[in-house]
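Input: a single structure, listed below in C-alpha cells.
Atom set for the values below is all heavy atoms of this structure, side chains included, hydrogens, waters and symmetry mates excluded. In this text the structure is predicted, and so the values were computed from the model without any measurement.
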Amino acid sequence: MLMSNHMKKSVPSMITKVKARQILDSRGIPTVEVDLYTNKGMFRASAPSGASSGMYEAIELRDGDKGTYLGNGVSRAVRNVNEKISEALIGMDPTLQSQIDQAMIDLDRTEKKESQLVFTRPLLHFSNLFLPLRESAFWEFFFQGELGANAILAVSMAACKAGAAEKEVPLYKHIAVLSGNTNLSLPIPAFTLLSGGKYAGNFLPVKQIMILPIGARQFEEALQMGSETYHHLKAVISKKYGTDGCSVGEDGGFAPSITSIREGLDLVKEAIGRTGYSEKLKIAIDVDATEFCIGTKYDLDFKSPNNSGQNFKSGEDMINIYKDLCADYPIVSIEDPFDKEDWEHAKHFSNLGICQVVGDDLLMSNTKRIERAVQESACNALLLKVNQIGTVTEAIEIVKLAKDAHWGVVISQRSGETEDAFIADLCVGLAVSQIKAGAPCRGERLAKYNQVHTLPHNSQLLRIEEDLGDQAVYVGDDWRLS
C-alpha cells in the first residue's frame, strides 16, 4: 500500500481513460455523465441542462429520435466522448485545463459546439429530396463530426476535478489558481422561494422570486436564514391557499395559485417578517421578460386563460413598475427585466442605479453580447450558466470579462440539474458575489449549498467554509462587489 501511494505521487499523472454514459437529470430528461481516469483515480462530472437555449449560446447535442426519450436522448453526445474526445485527451496532463479545453474546441470545429442540424433545420421541410434515405440516415449525415456542448462540458468539469486531485488541493483552490484569483470568498446564495413564469402552473408572470441573505456573517448562517424563511413561507402559503399551494417547481420554489407579482412579494415579505431577519434579507426577482414579450409589448397576463389583452405594457411601463416595486419592497436585484433584444429599455433602467440588473437572456454567457452590454451599460451583473459557454476555461474568461467591467457575477443552476456540485467550487474559486442554485429544497439543489470535498491528502469530508477556516470570507454587505 505504501509503495502504491509512493508510485502514485512519483509518476506524473495523465489521462488514461474517458468514459461517458447517459443519465437522467432532475427533470427525468437525459444528460451526459463522464468518468475521467488518471493514475490518481476516477473523477466524475455531469452536464446540467436548461429548458431553453438561445441562438448565441453553446448548443447541447440531442438525438432527435422521438421514439426514445421523446427525442431528448444523448447517445450521440455519449458516443462522441467515448470515440472522439477520449482518443484526443488520453495522455494529456489533467492539470493543464486550458489545453484540454482547447483540444476539445479544436476537435469540435464549431463556434457554439453545436450540431450542423441547427443550421439545416429548414431542409427538413424538403426531406423528400433525400428519399429513399431513412430519416435516421438523414440525421446522421448532418450530425457527423460535431461533439455537442453537453459532451464537452462534462469532460471539461471532470478534467478539472482530476487536475485538483493531481495537485492535492480542493477543487475550488485549483480553480482559483487556474483563474489567477488569490482572494477567495463565499458567495451569497440566491434562494428561490416562489416559482412562476412558464415553469409553474400558476399565473405569476415572473420566473422566480428569491431572497438574498446579505446580512449574514457567514455562509452557514445564510443557509440557516434561507431554510427558515422557506419553511415560514410554506406555512403562510398553506394557511392562505391550502396544502395544494405548497407544490414546488423544478428548482424547489413554491408555486401557489397567485396571479400577480405583488401578491407573490407580499407572501415573501410576510415570511421574512416571521423570521426576525427583516434587516438581513433582501429580495431578488428573475423576470424572464423574454417569455412574455410580444413585439415591443409585455403581456403580464400571458398565462391567463381569459387573457383580454388589456394588460400589455410598454418598455416604459415596465420601468415604472420596477421602480414602484423597488420602492415598496426590499428588492435589490432584478434579472432579465426586458426582452433579450430590448437593449434600449435595459440601458435606461440599468442607468437609473435602482438595483442590480442581471443579464441572463440578454447576455447568454456570450462574449460578444457581454462586450456590447458593457459598452452600452445595459446591465451591471452577469448570470453565468456553465453549459451556455461550454468549458471551464471559457467560463473563467467570461467571469474575468465581467469583473473587468466592475460587474457583479451570479453563477447559476439550470432547470435540469444533477447531484454534481461543481458550480459551488466554481463560485468560491472565482470569488463571485452570488450563487443561484434554487430553493433550500430538493437534493440536486442542496448539493450545491451543502457542497463537501474529499480532499486527496487526508480523505476527510470538509465543507468549503470549514476548510477555509479563518480565511473564509462571506461576501455579505459587499455582495455587489464580485
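In this structure, the side chain of Tyr449 engages the main chain of Ala437 through a donor-acceptor pair within 3.5 Å. The main-chain N or O of Ile285 is never found under 3.5 Å from a side-chain atom of Lys207 such that the two would form a donor-acceptor pair. Formation of a donor-acceptor pair under 3.5 Å by the Asp288 side chain with backbone atoms of Glu291 is not found in this model. At least one donor-acceptor pair closer than 3.5 Å links the side chain of Asn150 to the backbone N or O of Leu61. Under the 3.5 Å distance criterion, the side-chain polar atoms of Asp336 are matched with a main-chain donor or acceptor of Asp361. In terms of modelled atom types and a separation under 3.5 Å, the side chain of Arg372 and the main chain of Leu363 share no donor-acceptor contact. Of the possible donor and acceptor atoms, one in the side chain of Arg62 sits under 3.5 Å from a partner among the backbone N and O of Asn72.
Closest approach of Glu419 to Ala447, counting heavy atoms only: O-CB, 3.5 Å. Tyr298 and Asp339 make their closest contact through OH-N, 2.9 Å (heavy atoms, listed as atom of the first residue, atom of the second, distance). When all heavy atoms of Gln413 and Arg445 are compared, the pair lying nearest together is OE1-NH1, 2.6 Å. The two residues Ser365 and Gln388 come nearest to each other via the heavy atoms OG-OE1, 2.9 Å. The two residues Ile396 and Ser179 come nearest to each other via the heavy atoms CG2-CB, 3.6 Å. Here the closest non-hydrogen pair linking Pro440 and Thr192 is CD-O, 4.1 Å.
Of the charged side-chain nitrogens involved, at least one lies within less than 4.0 Å of a carboxylate oxygen, so that Asp420 and Lys161 count as a salt-bridged pair. Here Lys347 pairs with Glu344 in a salt bridge; the nearest charged N to carboxylate O distance falls below 4.0 Å. With respect to Lys368 and Glu371, no salt bridge is recorded, no charged nitrogen being found less than 4.0 Å from a carboxylate O.
Every side chain to side chain donor-acceptor pair (under 3.5 Å) that Asp360 has, sequence neighbours left out, goes to Lys385. The salt bridge (Lys or Arg N to Asp or Glu O under 4.0 Å) check on Glu444 picks up Arg442, with sequence neighbours excluded. In this structure, Ser350 has no side chain to side chain donor-acceptor pair (under 3.5 Å) partners at least two apart in sequence or on a different chain. Asp299 pairs by the salt bridge (Lys or Arg N to Asp or Glu O under 4.0 Å) definition with nothing, not counting sequence neighbours. Among residues two or more places apart in sequence or in another chain, the salt bridge (Lys or Arg N to Asp or Glu O under 4.0 Å) test is passed with Glu87 by none. In this structure, the ring-ring contact (aromatic ring centres under 6.0 Å, His included) partners of Phe349, at least two apart in sequence or on a different chain, are Tyr322. Here Asp404 pairs with nothing under the side chain to side chain donor-acceptor pair (under 3.5 Å) rule; sequence neighbours left out. Every residue two or more places apart in sequence or in another chain was checked for a ring-ring contact (aromatic ring centres under 6.0 Å, His included) with Tyr69, and none qualifies. Checked against side-chain contact (heavy atoms from CB on, under 4.5 Å), Asn82 has the following partners two or more places apart in sequence or in another chain: Lys19, Ala20, Val78. Residues meeting the side chain to side chain donor-acceptor pair (under 3.5 Å) test with Lys303, sequence neighbours left out: Asn202. By the salt bridge (Lys or Arg N to Asp or Glu O under 4.0 Å) test, Arg21 is found to be paired with Glu33, Asp35, residues two or more places apart in sequence or in another chain being considered.
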Start with the C-alpha distance between Arg79 and Lys84, add both sets of side-chain angles, then the distance that settles side-chain contact (heavy atoms from CB on, under 4.5 Å), and finish with yes or no.
-> CA-CA 8 Å; Arg79 189 162 67 243; Lys84 298 177 181 180; over 6 Å; no
Leu171/Phe422 under side-chain contact (heavy atoms from CB on, under 4.5 Å): CA gap, chis, key distance, verdict = CA-CA 8 Å; Leu171 179 56; Phe422 184 87; 3.7 Å; yes
Working for side-chain contact (heavy atoms from CB on, under 4.5 Å), residues Glu250 and Ser26 | CA-CA 8 Å; Glu250 288 180 338; Ser26 58; over 6 Å; no
Verdict with supporting geometry, Lys400 and Glu397, salt bridge (Lys or Arg N to Asp or Glu O under 4.0 Å) = CA-CA 5 Å; Lys400 286 181 179 178; Glu397 293 304 316; 3.8 Å; yes
In sequence, state the C-alpha distance, the side-chain angles, and the governing distance for Val358 and Leu382, and then conclude on side-chain contact (heavy atoms from CB on, under 4.5 Å).
-> CA-CA 6 Å; Val358 183; Leu382 162 71; over 6 Å; no
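Among residue pairs with one or both ends in residues 429-441, those qualifying as salt bridge (Lys or Arg N to Asp or Glu O under 4.0 Å) are Asp286-Lys436, Glu335-Lys436; sequence neighbours excluded.
Looking at Thr391 and Ser156, their side chains never bring a donor and an acceptor atom within 3.5 Å of each other. Between the side chains of Gln208 and Asp251, at least one donor N or O lies within less than 3.5 Å of an accepting N or O. A donor-acceptor contact under 3.5 angstrom links the side chains of Asn39 and Ser13, judged on distance only. Judged by distance alone, the side chains of Glu60 and Ser49 do bring a donor and an acceptor atom under 3.5 Å apart. A side-chain N or O of Ser75 and one of Asp63 form a donor-acceptor pair less than 3.5 Å apart.
Distance CG/Leu384 to SG/Cys427: 8.5 Å, rounded to 0.5 Å. One finds the OG1 atom of Thr16 at 11.5 Å from the CE atom of Met42 (value rounded to the nearest 0.5 Å). How far CD1 of Ile211 is from OG of Ser333: 13.5 Å, rounded to the nearest 0.5 Å. Going from atom CD of Glu146 over to atom CG of Asn80 covers 9.0 Å, rounded to the nearest 0.5 Å. Once rounded to the nearest 0.5 Å, the distance linking OG1 of Thr31 with CD of Gln22 reads 9.0 Å. The CD1 atom of Ile175 sits 10.5 Å away from the CG atom of Asn181 when rounded to the nearest 0.5 Å.
The closest side-chain heavy-atom distance from Leu193 to Ile209 is not below 4.5 Å. Inter-residue side-chain proximity for Gln434 and Gln356 is flagged as met; some heavy-atom pair is nearer than 4.5 Å. The shortest distance between side-chain heavy atoms of Ser86 and Val81 does not fall below 4.5 Å. Side-chain contact between Ile294 and Phe302 is absent, with no heavy-atom pair separated by less than 4.5 Å. At least one side-chain heavy atom of Ile188 sits under 4.5 Å from a side-chain heavy atom of Pro213. Within the 4.5 Å cutoff, the side chain of Leu107 has heavy atoms near those of the Ile85 side chain. A heavy-atom distance below 4.5 Å is found between the side chains of Cys379 and Leu362. Between Ile283 and Leu212, every side-chain heavy-atom pair lies at or beyond the 4.5 Å cut-off.
With ring centers used as reference points, Tyr37 lies 6.0 Å or more from Phe43.
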